[in-house]
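What you are looking at is a predicted structure, and each value in this text was computed from that prediction instead of being measured.
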There are 2 protein chains.
Amino acid sequence: MSITKIAKDLGVHPSTVSRALSGKPGVSEDLRNKIIQYAEKIGYYPDARASSLRKKGKTGTLGIIIPDIGNPFFATVIKAIEDVLYSHNYNFFLCVSDEDPEKEIFHLKSLISHRVDGIIAAPTLDNKTKNFYSKLYSSKKTIVFFDRFFPTLDIPSIVTNNEQGIKKLINHIYKMGHKTLGIISLSPESITGKIRLETALNYAKKLKITVQPEWIQGFDSTEESGYLSMKKILKQKRRPSVVLILNDLTSLGALRAISELKANVPEEISLVAFDDTYWNQIFNPPITCVKQDPKEMGILAAKNLINILNKKNVLKKQILLDTKLIIRQSVKKLI
Amino acid sequence: MSITKIAKDLGVHPSTVSRALSGKPGVSEDLRNKIIQYAEKIGYYPDARASSLRKKGKTGTLGIIIPDIGNPFFATVIKAIEDVLYSHNYNFFLCVSDEDPEKEIFHLKSLISHRVDGIIAAPTLDNKTKNFYSKLYSSKKTIVFFDRFFPTLDIPSIVTNNEQGIKKLINHIYKMGHKTLGIISLSPESITGKIRLETALNYAKKLKITVQPEWIQGFDSTEESGYLSMKKILKQKRRPSVVLILNDLTSLGALRAISELKANVPEEISLVAFDDTYWNQIFNPPITCVKQDPKEMGILAAKNLINILNKKNVLKKQILLDTKLIIRQSVKKLI
DNA sequence: CTGAAAGCGCTAACAC
DNA sequence: GTGTTAGCGCTTTCAG
């Protein structure tokens with residue numbers, strides 16, 4: 001199944017076959033058709049490796065790195081990226097980092113070995129990964145970050161305005177009269193979680209909303225952590241009037257805990273969440289939240305990468321996406 | 001950044017560099033170390049294309065084809081596959097078919113061009129795709145199907161026992177005393193949907209459960225379809241006592257319709273669903289359902305493929321996975 | 001232990 | 001129009 005074999009079988013030269021199959025001029029229509037038909041008949045598909053190797057050009061492949069496909073947020077981003085890439089004829093390797101710097105670097109090396117044209121990544125924020133991305137970038141590899149980025153690296157990125165989102169939520173509960181706040185946080189390694197938590201604490205302080213240390217729970221960005229954290233908060237004798245949950249999977253767990261303990265929302269406890277996923281609308285009552293736009297994030301990341309590859313101008317290096325407050329019925333009006 | 005460049009810089013022969021870097025014997029330790037250090041210093045990563053081209057061996061890459069990453073079921077399968085592949089050092093191209101035969105065939109061709117070692121696919125069931133897979137398989141490509149398969153093709157597959165799952169659900173509602181049943185079905189192209197629907201209809205008939213034609217709704221496998229279908233059923237003056245929903249995304253939509261219309265489950269209407277995803281547990285009341293095992297499906301698909309690639313024996317060609325009935329509180333007891 | 005030469009499958013530049 | 005030649009980056013003989 002190679003151009004050489006076809007050439008031999010048809011008694012012509014390999015270069016003629018190459019020209020015929022790749023639509024280049026310089027072959028008579030008769031011969032071209034004969035070659036194309038024969039190639040189809042024997043089920044020939046050109047070897048992309050050999051072709052890209054010889055052309056010294058692009059491979060038409062990209063690498064995408066995400067921490068977790070199980071998270072609907074990332075699944076949605078990937079879906080949007082896929083859409084753009086397909087319409088531009090790119091294939092991509094999907095790499096899962098599990099937030100593990102070693103695993104991420106392993107994948108990066110392998111992507112480089114496969115000579116991908118570019119990399120779209122939600123990077124694990126760690127010194128090792130930072131150094132590696134930095135090296136790659138200075139050796140002219142095309143990289144676009146989404147969801148997270150390294151503040152000290154000048155690599156294009158598409159990130160949600162997390163501070164804005166948190167402030168919108170806290171403003172809302174403030175207006176509803178809440179003065180005590182609990183928080184279900186994320187993995188301590190998550191920069192996203194760190195930013196959201198810090199913004200929440202600072203802004204709550206500014207508005208004189210009390211956050212007792214024992215009201216801050218969460219050890220991880222998983223459903224399990226959300227579940228256990230919410231249970232811990234609910235079992236305290238002095239509870240906050242409202243709990244802020246910092247992402248989608250943890251809020252799923254928190255909601256499960258609430259269902260299980262049959263806590264009444266918003267009468268006994270109010271709830272607000274970062275991220276608007278599937279379940280926020282069908283919970284009883286529907287959850288007030290701040291919505292990121294993972295679809296837009298994916299589209300922008302992919303388009304930016306492609307623009308850079310095509311040497312087109314990229315308008316902004318760092319894109320900050322707005323969040324949207326969606327008011328539902330999970331916050332009790334106290335005033 | 002090539003072996004030749006390293007060889008030139010160090011004044012040795014490319015073949016020596018190759019031996020040194022790939023851990024082959026026949027290089028003095030001193031020279032080997034010198035070469036390895038130099039390679040690291042200049043950030044050299046071997047060209048996987050050139051290497052696999054020359055070795056005439058495997059590329060270490062696979063292709064995965066799914067209809068939709070937005071669907072949590074497939075996201076979970078992918079996650080499991082990724083886990084197995086990573087531990088066996090395989091990279092993979094992720095391809096999304098959108099249930100479009102043309103798109104799927106386009107992706108298949110591109111996977112072949114990239115000379116993937118094997119393909120794991122939840123195929124779109126269509127004559128065109130069937131013929132294409134059939135051709136690929138007879139030309140010795142390694143393929144494993146999951147979630148769906150072509151009954152007339154002898155290609156290994158890992159599929160859920162859909163009939164069993166539906167029967168478990170219908171048995172349950174029968175025991176609870178229900179005599180009238182509505183169904184929210186899937187896309188007419190979905191073989192999974194077809195099997196589930198037919199089994200439900202036949203088995204209901206057998207148990208003398210009535211299914212009026214206007215109680216069968218659904219035009220698609222999406223959230224939207226589930227939402228609109230449930231609304232249609234709820235608005236009828238003569239309604240079934242229980243509604244069976246045939247997958248996860250449609251049940252999400254159905255639950256949204258129920259929340260919106262404030263229908264009381266299970267007092268006004270009972271619910272059972274195929275698939276146990278995130279939201280079944282946090283809905284009020286929690287949804288009785290039958291659970292597939294997407295994780296197991298992914299693990300088996302990946303392991304089977306790897307076994308075949310390693311010429312190990314595959315125990316069973318067609319694996320049928322059991323379903324599990326999870327009884328919660330969405331079905332009213334009528335007797 | 002190291003070097004030389006050949007070739008994986010393909011394409012681009014150059015002949016005729 | 002078609003053939004010839006060279007070489008992308010790598011590995012694998014075979015020499016020395």
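- Atom NZ of Lys8(A) has 12 or fewer neighbouring heavy atoms from other residues, nucleotides or ligands inside a 6.0 Å radius.
- Considering only the side chain of Lys55(A), dA12(C) comes nearest among dA12(C), dT4(D), dC8(C).
- At the heavy-atom level, Ser18(B) lies under 4.0 Å from base atoms of the strands shown.
- Taking atom CD1 on Ile112(A) and atom P on dC10(D), their separation rounds to 14 Å, with Å as the unit.
- For the pair Leu53(A) CG and dC8(C) C1', the interatomic distance rounds to 9 Å; values are reported in whole Å.
- Sorted by residue number, the members of residues 37-50 of chain A with any non-hydrogen atom under 4.0 Å from DNA chain C read Tyr44(A), Pro46(A), Asp47(A), Ala50(A).
- Side-chain contact annotation: Arg49(B) with Ser52(A), donor-acceptor N/O pair under 3.5 Å present.
- The only option from Glu104(B), Glu189(B), Glu99(B) that meets the salt bridge (charged side-chain N to carboxylate O under 4.0 Å, His left out) definition with Arg148(B) turns out to be Glu99(B).
- Within the helix from dC1(C)-dG16(D) to dC16(C)-dG1(D), the inter-axis angle between the opening and closing five-pair segments is 50°, rounded to 10°.
- Between Leu31(A) atom CG and dG1(D) atom C1' there is a gap of 9 Å when expressed in whole angstrom units.
- Across all strands shown, Ser15(A) has heavy atoms under 4.0 Å from base atoms, whether or not it also approaches the sugar-phosphate.
- Backbone-only engagement by Ser51(A) is indicated by non-hydrogen atom pairs under 4.0 Å involving sugar-phosphate atoms exclusively.
- One finds the CG atom of Asp9(A) at 3.0 Å from the OH atom of Tyr38(A) (value rounded to the nearest 0.5 Å).
- Distance NE2 (His13(B)) to P (dA15(D)): 16 Å, rounded to an integer number of Å.
- As a whole-Å value, the separation of Ile3(A) CD1 from dG3(D) P is 13 Å.
- Classified by interplanar angle (parallel below 30°, tilted 30° to 60°, perpendicular above 60°), the ring pair Phe150(B)/Tyr133(B) is tilted.
- If you measure from atom NZ of Lys8(B) to atom C1' of dG3(C), you get 16 Å, rounded to the nearest angstrom.
- Here the side chain of Val12(B) is nearest to one of dG3(C), dG9(C), dT2(D), namely dG3(C).
- In Lys103(B), the NZ atom is crowded: over 12 heavy atoms of neighbouring residues, nucleotides or ligands sit closer than 6.0 Å.
- Between the side chain of Arg19(A) and the base of dG3(D), a donor-acceptor pair under 3.5 Å is found.
- Heavy atoms of Ser28(A) sit under 4.0 angstrom from primed sugar atoms or phosphate atoms, though from no base atom.
- Contact check, Thr16(B) against dG3(C): a side-chain N or O comes under 4.0 Å of OP1 or OP2.
- Atom CD1 in Ile6(A) sits roughly 15 Å away from atom C1' in dT11(C) (whole-Å rounding).
- Between Lys56(B) and the phosphate of dG9(C), there is a side-chain N or O to OP1/OP2 separation shorter than 4.0 Å.
- By the neighbour-count criterion of 12 heavy atoms within 6.0 Å, atom NZ of Lys316(B) is sparsely surrounded, having that number or fewer from other residues, nucleotides or ligands.
- Here dC10(C) presents its C1' atom at 15 Å from CZ of Arg54(B), a figure rounded to the nearest Å.
- If you check the side chains of Asn91(B) and Thr61(B), you find no donor sitting under 3.5 Å from an acceptor.
- Note that CD1 of Ile119(B) is 11.0 Å distant from CD1 of Ile64(B), once rounded to the nearest 0.5 Å.
- Outside the 6.0 Å centre-distance limit, the rings of Phe93(B) and His107(B) are not counted as a close aromatic pair.
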